[in-house]
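FYI, the numbering just counts along the sequence from 1.
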Amino acid sequence: MTFHRKETVLIPESDLDGMSVDTLAVRAGQLRTGQLEHSDAIFPTSSFVYNSAAQAAARFGGEEPGNIYSRFTNPTVQAFESRIAAMEGGERAVATSSGMAAILSTCMALLKSGDHVICSRGVFGTTNVLFQKYMAKFGVATTFVSLTDLEEWGSAVRPDTRMLFIETPSNPLCEVADMEALAQLAHDNGALFVVDNCFCTPVLQRPLEHGADIVIHSATKYLDGQGRCVGGVVVGPAKLMDEVYGFLRSAGPTMSPFNAWVFHKGLETLPIRMRAHCDNALELARWLEQQPAVEQVYYAGLESHPQHELAKKQQKGFGGVVAFCVKGGREEAWKFIDATRMISITANLGDVKTTITHPATTTHGRLSPEDKSGAGITENLLRLSVGIEAVEDLKTDLYRGFQALQNASNT
Ligand SMILES: *Cc1c(COP(=O)(O)O)cnc(C)c1O
């Protein structure tokens, strides 16, 4: 029996030029082998074999393109990379083992000792630790500023500033940054503008169109959307991504083929999931605003939100994360959480299942008291990552929380 070698191919993307994100989510980066399968094959292999010693030499020497070893490249990982790159409107994507690995790889590849970073104060707790504790050890200093205070950004710029890093909307308070203004500030000062687009995904916001140089994702969140895998990705111009790829190849926090396959398939339903998350979140935010036991609701889709207009301009939807303060402190917040029965008590977000967490003692628990108050992480703050269940059922479950608060205040 003879086996014919069939190269795996990524279907040419030229036909997809100008198509919408909804189409790119299912059609971009499609991988086909000689079997002409309709879904995408998965390549769980650590290394690749060659026809001859000469071919092996040509691959290693770079004269012939192709796979060598899955720390360098893997067809399944490349399929995921081309799909997310197309969706973000970037030249190239580099997949990583986690969202934190995406941020670390970007910093390691593009910063050096003596460089200065300006980062928004409300970023993901671990991102804060990465900059403050670990990047600092290698001579990269970070100044934290308010996401929305442009003057503070301006006065934080130093001659050695090389990177501005933000999340917009922020976690968990849904503050919205003016990306075009920050891109301008970065570029006027020879710095890169990096946006962690985890909360919006390219379905709701494409930071590269607003002047960002690099977009970062924790694929763990909405890109998968079903809580199965940990992963990350960096997207941007080929020139910068070649550097990030170079670091990854040498340091090793690459994405596994299995995880890449899950994320690749996850992207196909991302547009419809995001619409469902947004619809449910807006409805719940409005409902929460009316509850007597709620002190404040943070959601950019509410007219009461200070950056509502900016969010409407930059985003196609307001996302699935809603934060709110109950009257009281930690005791009331925990009582509320413990009274829910369906909603999952977990710090993960971006899942089809609704989750609830107490940021002050979980995701942001490692921050110092000053950093917590700077980021607005109060003891009575709760964060919902609104899933795609029927919104009435979510209200029923959240109502149990309000009843528990009421019962406690009556006794
Ligand atoms: C979760 C998260 C990260 C880190 O991603 P991991 O996949 O958990 O490493 C980074 N940024 C944001 C906004 C996140 O929510």
Side-chain angles (χ1 to χ4, degrees), residues 103-104 106-200 205 207-216 236 240 298 300 305-315 323 359 364 366-378 381:
I103 300 174
L104 175 69
T106 304
C107 291
M108 293 300 280
L110 301 171
L111 297 172
K112 60 178 189 324
S113 176
D115 286 350
H116 173 243
V117 175
I118 313 175
C119 180
S120 57
R121 227 174 251 131
V123 287
F124 185 64
T126 315
T127 305
N128 190 305
V129 175
L130 177 69
F131 281 119
Q132 283 208 87
K133 184 164 177 197
Y134 296 102
M135 295 315 293
K137 284 214 297 193
F138 297 94
V140 174
T142 305
T143 306
F144 291 89
V145 300
S146 153
L147 181 68
T148 54
D149 187 342
L150 283 173
E151 269 177 41
E152 208 185 338
W153 282 94
S155 46
V157 173
R158 314 191 319 206
D160 53 358
T161 302
R162 287 292 163 269
M163 184 185 285
L164 271 54
F165 186 101
I166 66 160
E167 281 168 33
T168 182
S170 69
N171 175 17
L173 297 185
C174 296
E175 288 180 303
V176 179
D178 185 336
M179 287 190 281
E180 277 157 33
L182 290 175
Q184 182 80 50
L185 180 70
H187 299 154
D188 285 349
N189 291 281
L192 293 169
F193 180 41
V194 181
V195 178
D196 180 334
N197 199 26
C198 184
F199 273 49
C200 275
Q205 163 174 285
L208 299 176
E209 288 171 357
H210 297 279
D213 299 289
I214 292 175
V215 171
I216 287 180
L240 296 175
Y298 301 94
H305 188 280
Q307 291 104 36
H308 177 63
E309 289 306 317
L310 178 62
K312 276 208 294 203
K313 200 181 105 200
Q314 289 182 168
Q315 302 170 210
H364 294 66
R366 280 186 291 175
L367 301 192
S368 68
E370 304 80 63
D371 288 342
K372 268 190 213 174
S373 72
I377 312 295
T378 53
L381 179 75

Any salt bridge (Lys or Arg N to Asp or Glu O under 4.0 Å) pairs touching residues 144-159, not counting sequence neighbours?
-> Arg121-Glu152, Arg158-Asp160
Kindly give the heavy-atom pair with the smallest separation between [X] and [Y], and that separation in Å.
| X | Y | answer |
| --- | --- | --- |
| Gln314 | Glu180 | OE1-N, 4.4 Å |
| Pro172 | Ala323 | O-CB, 3.2 Å |
| Gly154 | Leu185 | N-CD2, 3.9 Å |
| Thr148 | Val176 | CG2-O, 3.4 Å |
| His364 | Lys372 | O-CE, 3.4 Å |

How many angstroms lie between atom [atom1] of [X] and atom [atom2] of [Y], to the nearest 0.5 angstrom?
| X | Y | atom1 | atom2 | result |
| --- | --- | --- | --- | --- |
| Leu173 | His305 | CG | NE2 | 8.5 Å |
| Leu164 | Ile118 | CG | CD1 | 4.5 Å |
| Phe165 | Ser120 | CZ | OG | 7.5 Å |
| Ile216 | Cys107 | CD1 | SG | 7.0 Å |

Start with the C-alpha distance between Leu182 and Leu150, add both sets of side-chain angles, then the distance that settles side-chain contact (heavy atoms from CB on, under 4.5 Å), and finish with yes or no.
-> CA-CA 8 Å; Leu182 290 175; Leu150 283 173; 3.7 Å; yes
Looking at [Y], is its backbone amide N or carbonyl O close enough to the side chain of [X] to form a donor-acceptor pair, meaning the two atoms are under 3.5 Å apart?
| X | Y | answer |
| --- | --- | --- |
| Asn189 | Ala191 | no |
| Glu175 | Gly122 | no |
| Trp153 | Leu147 | yes |

Can you check whether [X] reaches [Y] side chain to side chain, under 4.5 Å on heavy atoms?
| X | Y | result |
| --- | --- | --- |
| Leu381 | Tyr298 | yes |
| Gln307 | Pro169 | no |
| Val157 | Asp188 | no |

Could you list the residues that satisfy ring-ring contact (aromatic ring centres under 6.0 Å, His included) with His187, not counting sequence neighbours?
->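 For His187 there are no ring-ring contact (aromatic ring centres under 6.0 Å, His included) partners, ignoring immediate neighbours.
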Exercise answer: donor-acceptor pairs, residues 131-138 side-chain atoms, under 3.5 Å, sequence neighbours excluded:
residue: Gln132; atom: NE2; partner: Asn128; partner atom: OD1; Å: 2.7
residue: Gln132; atom: NE2; partner: Asp371; partner atom: OD2; Å: 3.1

List the steps, then state whether side-chain contact (heavy atoms from CB on, under 4.5 Å) holds for Met163 with Val140.
-> CA-CA 10 Å; Met163 184 185 285; Val140 174; over 6 Å; no
Partner of Ile166 by side-chain contact (heavy atoms from CB on, under 4.5 Å), out of Val194, Asn197, Val145, Val195 | Val195
Lys313: side-chain hydrogen bond (donor to acceptor under 3.5 Å, both in side chains) partners, not counting sequence neighbours = none
Evaluate the side-chain contact (heavy atoms from CB on, under 4.5 Å) criterion for residues Leu192 and Leu111: first the C-alpha distance (whole Å), next the side-chain angles of each, then the deciding distance (0.1 Å), finally the verdict.
-> CA-CA 10 Å; Leu192 293 169; Leu111 297 172; over 6 Å; no
With sequence neighbours excluded, residues passing side chain to side chain contact (heavy atoms under 4.5 Å, CB included) with Thr126 | Met100, Phe124, Arg366
Trace of the side-chain contact (heavy atoms from CB on, under 4.5 Å) decision for Leu110 with Ile214 = CA-CA 11 Å; Leu110 301 171; Ile214 292 175; 3.4 Å; yes
So side-chain hydrogen bond (donor to acceptor under 3.5 Å, both in side chains) across residues 163-174, not counting sequence neighbours, yields Asn171-Arg383
